[in-house]
Amino acid sequence: MRGGYTGRLMVVDLTRGEASVEDYREDFAADYLGGFGVNNRLFLEYSSPGTDALSPQNPVIFGAGPLVGTLVPGASRVMANARLPLTGAVASASGSMGLGANMKWSGLDHVVLVGRAPAPTLLYIEDGRVDLLPAASLWGTGILETTRSLRAAYPGASVMAIGPAGESGAHSSLAMIDACATLGRGGLAAVLGSKNLKALVVKGGGGVAIADPGRVQELVKGLHQRLENFDMREAAAELGMIGAWPMYASQLLPYGASEEDLRELTERFGPRAYLELKKCRISCPSCFLADKDELLLPSTGESVYSTSFLNAAIIGCALLMRDAEEAASTLALLDDLGLDFMTLSWQAAFLLELREHGFITEEDAEGIPLARGAAILRELALRVTERRGEIGEAFARGWRGALELFGEDKRRYTMLVRDQDCLYDPRVSGLGTMEFEQVVSPRGPTSASAGSATYVPGLPEERLCRLTARMGVGEQALGRIFSPPWGMNVGRLTRYSEDWFSLFSSLGICNRYQINRFYHAELVRDLYAAVTGVELEVGEMMDKAAAAWGLYRELNAREGLGSEADVPPEAWFDEQPLWGRGGHLRDYLGNELTREDILTLIGDYHDERGRKHG
């Protein structure tokens with residue numbers, strides 16, 4: 001293969017304790033670019049429809065695109081494909097930090113795990129060589145201790161580990177990379193735990209072949225210059241995502257909150273509260289804008305890691321925690337156990353809703369405190385991890401287990417799509433691509449469309465159109481998107497936001513807004529050509545990204561999770577507050593929407609998905 005690709009994958013049979021390195025077909029990369037796209041193609045090769053998510057036959061496939069391991073800013077994305085237990089969907093999860101780069105420096109584009117180890121196991125890869133080592137001493141330990149122990153044993157390596165929640169098979173479990181990047185919302189850690197795999201440790205001492213090093217350096221220099229000219233660069237470097245607190249705060253406040261409520265929560269969880277805990281910022285290899293945190297908890301002196309302090313602010317606001325330290329320490333507990341904070345927070349809110357509406361009492365809660373605060377989340381995390389009690393066991397099986405316990409008619413008191421909790425409530429934030437994509441994403445609610453301009457609220461239509469064009473969207477498509485009756489058709493726009501995510505994930509570029517805002521389609525095309533030597537037109541490149549997403553949808557359609565599963569949650573059409581938030585359903589531009597409008601937008605999405613780019 002040309003530059004950027006190693007052309008090799010490692011297949012690890014955990015049952016037999018064997019591994020082999022082999023070439024994979026060049027047309028896989030030619031057709032689907034790499035990373036996310038090639039993972040989907042490999043999953044088609046190694047999986048069978050209808051396989052149970054926690055069976056040995058469910059493969060896990062890791063992939064790093066052609067830009068990973070190079071100097072390209074933000075090119076640190078690693079993708080992981082598996083069928084996940086929370087929804088049954090074939091999901092492609094994205095993570096960061098050093099795992100992807102070390103895979104590439106070890107001479108591997110992809111790693112495929114099949115089978116089940118007979119006992120707790122550590123998989124260690126160094127420069128293409130592999131060892132399957134006993135991990136009984138690590139089984140039962142938290143992710144932070146596991147990561148620190150393995151980093152000490154293997155200096156310079158990257159560590160992906162699962163926690164006790166993954167070991168017990170909790171459907172809301174996830175893995176962590178280098179203790180501060182999440183991987184696999186929806187139960188990837190449970191899949192790895194079912195395979196008896198405690199951790200994947202990768203260390204590479206090589207490099208990545210570059211077709212035109214001089215051209216890469218020139219393009220990267222231009223990106224750094226764009227960062228230098230960014231008027232919010234210093235704030236972004238110092239504060240990370242919490243620097244955009246004014247944008248997030250309105251979405252985190254309870255329904256009907258006052259200006260005084262906003263001031264109080266800003267004091268508790270805003271930028272100043274973050275700075276009191278901040279120890280240092282953490283960045284991924286090649287990233288020019290650190291976006292992760294190491295925090296120091298004053299009351300204990302403990303140092304903890306976080307994908308973003310914003311996540312602590314989210315749970316702090318939602319559950320009205322005492323202060324930023326309590327929120328950060330609670331988030332650290334969930335990360336250490338290996339639990340998705342969003343799903344667990346929604347489950348806590350579900351219990352509070354049931355109590356408020358008279359369906360359960362304190363006695364029914366088995367000792368779980370039914371009041372807002374850190375205590376309900378901490379206790380529920382332990383119950384789910386240990387599968388303790390009727391509620392702990394039910395919630396460990398995800399939303400299906402919760403609704404089996406409390407009744408399907410209680411679905412109204414949460415917000416689910418494809419049996420996964422929503423990340424965004426469009427009654428609060430407006431129906432942009434992130435909110436709409438929750439309905440049509442093959443894996444259920446995720447943030448795959450965060451690269452869209454609708455991530456930032458309140459932009460005028462002219463700027464929305466210009467920022468959409470940067471994603472390689474042609475004039476005819478722009479005409480269909482920015483058209484009557486709403487001024488912006490979010491269904492049609494979401495197709496291109498997904499393709500933008502597919503492009504970034506296939507090449508290996510971080511899709512967080514503070515990184516992808518510096519990129520545009522022509523620049524990505526030029527970087528791809530400089531690294532690989534493959535010259536493409538923008539339309540060709542975007543069609544390959546669209547093909548990768550189309551294959552993703554096809555993998556789920558064969559599992560019975562096709563377009564018929566694109567059903568919005570009932571709560572969208574009810575003004576009644578849920579988890580303290582509610583209101584009229586509106587689109588990004590403020591137009592009120594009905595159920596019929598949403599169904600029309602879903603149809604428009606599928607119509608647009610069937611078209612070529614432009």
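Starting from 1, each residue takes its place in the sequence as its number.
Although no hydrogens or angles enter the test, the distance criterion places no donor-acceptor pair under 3.5 Å between the side chain of R525 and the main chain of E540. Not one N or O on the side chain of S506 forms a donor-acceptor pair closer than 3.5 Å with the backbone of L503. E294 places no side-chain N or O within donor-acceptor distance of the main-chain N or O of K279, the cut-off being under 3.5 Å. No donor-acceptor pair closer than 3.5 Å links the side chain of R443 to the backbone N or O of T87. For the pair R83 (side chain) and G88 (backbone), a donor-acceptor distance under 3.5 Å is present. Side-chain atoms of D212 do not come within 3.5 Å of backbone N or O of A530 as any donor-acceptor pair. Remark: the backbone N or O of A190 is paired with a side-chain donor or acceptor of S173 at under 3.5 angstrom. Between the side chain of H520 and the backbone N or O of R470 there is no donor-acceptor pair closer than 3.5 Å. Checking side-chain atoms of Y5 against main-chain N and O of L33 turns up a donor-acceptor pair under 3.5 Å. Side chain of K104 to backbone of G65: a donor-acceptor contact under 3.5 angstrom is found.
With no hydrogens or angles considered, no side-chain donor-acceptor pair links E498 and Y496 at under 3.5 Å. Side chain to side chain, S96 and K292 meet the donor-acceptor criterion of an N or O pair below 3.5 Å. Side-chain polar atoms of D109 and Y24 form a donor-acceptor pair below 3.5 angstrom. Side-chain contact check for E437 and S497: no donor-acceptor pair (N or O, by modelled atom type) lies under 3.5 Å. Side chains of N81 and N40: a donor on one and an acceptor on the other come within 3.5 Å. One side chain, D178 or S158, offers a donor N or O that lies under 3.5 Å from an acceptor on the other. Checked by atom type, the side-chain pair N311/T307 shows a donor-acceptor distance below 3.5 Å. Side chains of D52 and S55: a donor-acceptor N/O pair is absent below 3.5 angstrom, by distance only. At a cut-off of 3.5 Å, with distance as the only test, no side-chain donor of T121 or R116 sits close to an acceptor on the other residue. For T343 and S172, the side-chain atoms include no donor-acceptor pair closer than 3.5 Å.
Looking at heavy atoms from C-beta onward, L277 lies out of side-chain contact with L296 at the 4.5 angstrom threshold. When side chains are defined from C-beta on, V60 does not count as touching V111, because their heavy atoms never get closer than 4.5 Å. Counting only heavy atoms from C-beta outward, the side chains of E238 and L275 approach each other to under 4.5 Å. Looking at W139 and P164, their side chains never come closer than 4.5 Å, going by heavy atoms from C-beta outward. Between N516 and C510, every side-chain heavy-atom pair lies at or beyond the 4.5 Å cut-off. By the 4.5 Å heavy-atom criterion applied to side chains, Y455 and M434 are counted as neighbours. The closest side-chain heavy-atom distance from V11 to Y46 is below 4.5 Å. Side chains of F341 and T330 form no contact here, defined as non-hydrogen atoms less than 4.5 Å apart.
Nearest heavy-atom pair across I242 and A313 is CD1-CB, 4.1 Å. Across all their heavy atoms, L297 and A328 have their closest contact at CD2-CB, 4.1 Å. Taking every heavy atom of both residues into account, I143 and G163 meet most closely at CG1-N, 3.4 Å. When all heavy atoms are compared, the tightest approach of R553 to P442 is CG-CG, 3.7 Å. When all heavy atoms of A19 and V12 are compared, the closest pair comes out as CB-CG2, 4.1 Å. Between L331 and S306, the shortest heavy-atom distance links the atoms CD2-OG, 3.8 Å.
Note that SG of C287 is 11.5 Å distant from CD1 of I509, once rounded to the nearest 0.5 Å. Note that the CG atom of L197 and the CG atom of L192 stand 5.5 Å from one another [nearest 0.5 Å]. Atom CG of residue L9 and atom CZ of residue F28 lie 9.0 Å apart, to the nearest 0.5 angstrom. Note: D335 CG to Y305 OH = 12.5 Å, rounded to the nearest 0.5 Å. One distance of note links CD1 of I177 with CG of L174; it measures 10.5 Å at 0.5 Å rounding. Note that the CE atom of M79 and the CG atom of L99 stand 12.5 Å from one another [nearest 0.5 Å].
When the shell of 6.0 Å around CD of E234 is examined, it contains 12 or fewer heavy atoms from other residues, nucleotides or ligands. The neighbour count for L71 CG, taken as heavy atoms of other residues, nucleotides or ligands under 6.0 Å away, does not exceed 12.
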Legend entry - Candidate pair F288 and V220, rule side-chain contact (heavy atoms from CB on, under 4.5 Å), full reasoning: CA-CA 10 Å; F288 58 8; V220 169; over 6 Å; no
Legend entry - Check against side-chain contact (heavy atoms from CB on, under 4.5 Å), L108 and I125: CA-CA 10 Å; L108 301 170; I125 299 171; 4.0 Å; yes
Inset, instruction - Give the intermediate values and the outcome of side-chain hydrogen bond (donor to acceptor under 3.5 Å, both in side chains) for residues S47 and R558. - result: CA-CA 11 Å; S47 69; R558 70 178 191 160; 2.6 Å; yes
Inset, instruction - Walk me through it: do R77 and S505 pass the test side-chain contact (heavy atoms from CB on, under 4.5 Å)? - result: CA-CA 7 Å; R77 269 308 195 223; S505 299; 5.5 Å; no
Inset, instruction - Kindly determine whether L183 and F62 satisfy side-chain contact (heavy atoms from CB on, under 4.5 Å), including the steps that lead there. - result: CA-CA 11 Å; L183 182 68; F62 297 92; 4.0 Å; yes
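Remark: R215 engages D526 in a salt bridge, criterion side-chain N to carboxylate O under 4.0 Å. Taking a cutoff of 4.0 Å between a charged side-chain nitrogen and a carboxylate oxygen, E167 and K198 qualify as a salt bridge. The pair K278-D293 fails the salt-bridge criterion, with no side-chain N (NZ, NE, NH1 or NH2) lying under 4.0 Å from an Asp/Glu carboxylate O. Salt bridge status for R41 with E45: present, with a side-chain N to carboxylate O gap under 4.0 Å. In this structure, D23 does not pair ionically with R8, as no charged nitrogen and carboxylate oxygen lie closer than 4.0 Å. Using a cut-off of 4.0 Å between Lys/Arg side-chain N and Asp/Glu carboxylate O, R185 and D421 are scored as salt-bridged.
Cation-pi geometry between R517 and F230 is satisfied (NZ or CZ under 6.0 Å from the ring centre, within 45° of the ring normal).
Between Y552 and F36, the two ring planes are perpendicular [angle over 60°; tilted spans 30° to 60°]. Between Y274 and F309, the angle of the ring planes lies from 30° to 60°, which puts this pair in the tilted group. The aromatic rings of W500 and F504 sit tilted relative to each other, their planes meeting at an angle between 30° and 60°.
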